[in-house]
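The structure appears below as structure tokens.
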Amino acid sequence: MTTQIEKRAGLVPPRATARDWAGLAVLALALLLLSVDATVLDLAVPAISAELAPTTPQLLWIIDVYSFVLAGLLVVMGNLGDRIGRRRLLLIGAVGFGLASVLAAWSVHPEMLIAARVLQGVAGATLMPATLGLIRSMFLDPRQRTVAISVWAAMAGGGAAAGPLLGGWLLEHYWWGSVFLVNLPVMLVLLAVGPVLVPESRDPKPGRFDLASAVLSILALVPVVYAVKECAAHGMSVRLLVIGAIGVIAGVLFVRRQRGLTHPMLDLKLFALPGFRTAVLTNLLAVFALAGVLFSGSQYLQLVLGHSPMRAGLLLLPGLAASVFASLAAAWLVRVLRPAVVLGGALVLAAVGSVLFLWLSPEAATSTVPFIFGFLFIGAGVGVALTVSSDLVVSSAPAARAGAAAAVSETAYEAGIALGVAILGSLTMAVFRGGLDLSLVPGDQTGAASESLGGATEFARRLPESATNGFLASAHEAFVSGVHVAAIGTAMVLLIAAVVAFRLRTTRV
């Protein structure tokens, strides 16, 4: 029990006040803004495909360019928040995200929607590290901070859970652009109560903002992620090797520069801590799995099984709700078990969920239960993993560098989303194209017929009635085969991450 002497000596960190907990609710709203947007868009993929007719690369860019831009700017924005104030950056980002959402809602062609998603990524990069950085500065007691981070992570899952239901309802009653407008009410609430309930915090001695480091951090991540995405979709090429090499070289220069700076943009000493290093890696891999499942799963439910957007949202709900409850439960689990055991066990559970996807087929009667339970296990495992890994990250850093440390965690999160959609989505589509029966398709139309599952579905409607059913059956079988291959890859990635987590030696958070 804490003694009065320890309290007077300042050895015990102060406990959070009622205002701090109310401020946490405001920060959770900011995260809700981002997580709802992510899963709403997954369900809107078929509607966007039908309305704007994007190519497969354009469709993938619509989904993941947001994450690419956000991941590339997170370190920069985390440091900017440490300097100008994390609350100020949060409010600026909320305004920008709302305006970009309006532009996305009324996009008239794929290029315009991609541009709007880029702007959302820029604004989102100001929101994510600011929320986690503010939690680090508001909750100094370790146990209270773990609870706060579990609430923060649960809101991410809650937003993801609300997204499909809200998006399904909007898609059934309004046009596809309405899914972006749900951001506006949240943004207005955030702007109204944020200045009152969230205290400002910044690094008192941030040092000079290093523009060269900012440029190098962007050049280190975006080209590499782009090269990985394009290689997965179209195969290796000299151009992509050059682009990837540019990113690697920029990364090496960034690391060398950080080592020589008195006030580095990214404190590389944090990566010497096993807990920090493992947390960042498992954060990335857990989200990698979840993002890939959501991207392919929403198309599978609607275009293969034939469910409406609302019905698809209901089928996704158990897994997303499990992520919420698991995030909250993580705060209790790390009190009775080592964080390494909790983290590793959560990743194994998510891997088991991925394996259940091998029982999916084009038949709804035999596939609904495996899908629900598979996604439920993935959601629960990822929910715990994100909470524990985020807590390990922010607990390893001093409060003054909270924004920069949070930015590392969020960079891993967003890179995981981008890579999950890019690699697992591209892998699914590569198997889909390879297994599609194009024998009844004229030679000059094979590209349109095999561009995407949505494109194949639309193309089937133009075929003679005698050929429609056969072509659709081929498309559904091919897509399910792609989901099976991606599920095997996802399970392997999660099990590797679990082994890394189990080897971590650390004390309870």
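Note that these values count all heavy atoms, side chains included, but never hydrogens, waters or copies made by symmetry. These numbers come from a predicted model, not from an experiment.
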Looking at [atom1] of [X] and [atom2] of [Y], how far apart are the two atoms once the value is rounded to the nearest 0.5 Å?
X: Leu305; Y: Leu315; atom1: CG; atom2: CG; answer: 8.0 Å
X: Thr282; Y: Ile496; atom1: OG1; atom2: CD1; answer: 13.5 Å
X: Leu52; Y: Ile114; atom1: CG; atom2: CD1; answer: 10.0 Å
X: Leu376; Y: Leu349; atom1: CG; atom2: CG; answer: 8.5 Å
X: Asp20; Y: Asp141; atom1: CG; atom2: CG; answer: 11.5 Å
X: Gln120; Y: Leu113; atom1: CD; atom2: CG; answer: 8.5 Å

Taking C-beta and beyond as the side chain, do [X] and [Y] meet within less than 4.5 Å on heavy atoms?
X: Leu424; Y: Phe288; value: yes
X: Leu392; Y: Thr278; value: no
X: Val485; Y: Phe432; value: no
X: Ser354; Y: Ile378; value: yes
X: Trp21; Y: Gln144; value: yes
X: Leu240; Y: Ser237; value: yes
X: Asn283; Y: Ser390; value: yes
X: Val280; Y: Leu284; value: no

Using modelled atom types only, decide if a donor and an acceptor are shared between the side chain of [X] and the backbone of [Y] within a distance under 3.5 Å.
X: Ser361; Y: Ser367; value: no
X: Thr126; Y: Val122; value: no
X: His476; Y: Glu363; value: no
X: Thr368; Y: Ala365; value: no
X: Ser327; Y: Gly383; value: yes

Shortest non-hydrogen separation from [X] to [Y] and the atoms involved:
X: Phe373; Y: Leu356; value: C-CD1, 3.9 Å
X: Met138; Y: Leu27; value: SD-CD1, 3.9 Å
X: Arg335; Y: Val147; value: NH2-CG2, 3.8 Å
X: Ala497; Y: Leu285; value: CB-CD1, 3.4 Å
X: Gly124; Y: Phe97; value: N-CD1, 4.0 Å
X: Leu347; Y: Ala286; value: CD2-CB, 4.1 Å

May I have the step-by-step check of side-chain contact (heavy atoms from CB on, under 4.5 Å) for Leu358 and Ile488, ending in yes or no?
-> CA-CA 8 Å; Leu358 296 177; Ile488 293 172; 3.7 Å; yes

Stepwise side-chain contact (heavy atoms from CB on, under 4.5 Å) check, Val480 with His484 = CA-CA 6 Å; Val480 170; His484 289 168; 3.5 Å; yes

Only one of Ile135, Val198, Ile149, Leu134 clears side-chain contact (heavy atoms from CB on, under 4.5 Å) with Leu24; which?
-> Ile135

Kindly determine whether Val431 and Phe479 satisfy side-chain contact (heavy atoms from CB on, under 4.5 Å), including the steps that lead there.
-> CA-CA 7 Å; Val431 176; Phe479 189 82; over 6 Å; no

Is it the case that Thr387 and Ser150 place a side-chain donor and acceptor less than 3.5 Å from each other?
-> no

Ring geometry between Phe371 and Tyr300 (parallel below 30°, tilted from 30 to 60°, perpendicular above 60°) = parallel

Please test Phe254 against Leu219 for side-chain contact (heavy atoms from CB on, under 4.5 Å), starting from the C-alpha separation and ending with a verdict.
-> CA-CA 9 Å; Phe254 176 78; Leu219 289 177; over 6 Å; no

